[in-house]
Amino acid sequence: ERIRDYPNPHEEMARLTEMLDDTTYIRQFNMQGNEISLRGIATDAAAVMQLFTSEPAYASVTAPEPFRAYSGGLEEFHFKIALAGEAAP
């Protein structure tokens, strides 16, 4: 029950590392319970959001702020991610 309520943030950081390629940079990772707040920079923030949306371990992915243009043709993003039940390893 405790693991369900407070998933291991290290496992979630490992999942993100596995999912993302070298064109996406995480600037801020915050996790409270089953909620992740993620800020970063990518060449295509919408594609990153689509990637997260297709991940079965994530119940929902929202962008509480619009994507912003960043230098060098990159886009800045902020996502709120809700884990689906127990976090998968």
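Just so it is clear, the model here is predicted, and its values are computed rather than measured.
Within the 3.5 Å criterion, the main-chain N or O of M13 finds a donor-acceptor partner in the side chain of T17.
Contacts classified as salt bridge (Lys or Arg N to Asp or Glu O under 4.0 Å) and involving residues 38-59 (residues at least two apart or in different chains) are given here: R15-E55, R39-E65. Among residues at least two apart or in separate chains, salt bridge (Lys or Arg N to Asp or Glu O under 4.0 Å) pairs with a member in residues 16-31 are R27-E76.
In the hydrophobic clustering of ILVMFWY residues, with side-chain heavy atoms under 4.5 Å counting as a link, I81 and L20 come out together. Residues Y25 and F29 do not share a hydrophobic cluster, defined by chaining ILVMFWY side chains whose heavy atoms lie under 4.5 Å apart.
With a 4.5 Å cut-off on side-chain heavy atoms, T53 and Y58 do not count as touching. Put simply, the side chain of L38 does not reach to within 4.5 Å of the side chain of Q28, judged on heavy atoms. Side chains of N30 and I36 form no contact here, defined as non-hydrogen atoms less than 4.5 Å apart. When side chains are defined from C-beta on, I41 does not count as touching E75, because their heavy atoms never get closer than 4.5 Å.
Taken to the nearest 0.5 Å, the CZ atom of R68 stands 15.0 Å off from the CG atom of L74. For the atom pair T43 OG1 and Y70 OH, the distance stands at 14.0 Å (nearest 0.5 Å).
In this structure, the side chain to side chain contact (heavy atoms under 4.5 Å, CB included) partners of S60, at least two apart in sequence or on a different chain, are A82. Partners of S37 by side chain to side chain donor-acceptor pair (under 3.5 Å), not counting sequence neighbours, listed by chain and number: H78.
In terms of heavy atoms, A46 sits closest to F67 at N-CE1, 3.6 Å. What you find for M49 and V61 is that their closest heavy atoms are CE-O, 3.5 Å. Listed here is the closest heavy atom pair of M31 and L83: CE-CD1, 3.7 Å. Taking each heavy atom of A45 and F77 in turn, the nearest pair found is CB-CB, 3.9 Å. Between A84 and P56 the shortest heavy-atom distance is CB-O, 3.7 Å.
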Can L16 and F52 be said to form a side chain to side chain contact (heavy atoms under 4.5 Å, CB included), step by step?
CA-CA 9 Å; L16 291 169; F52 290 159; 3.6 Å; yes
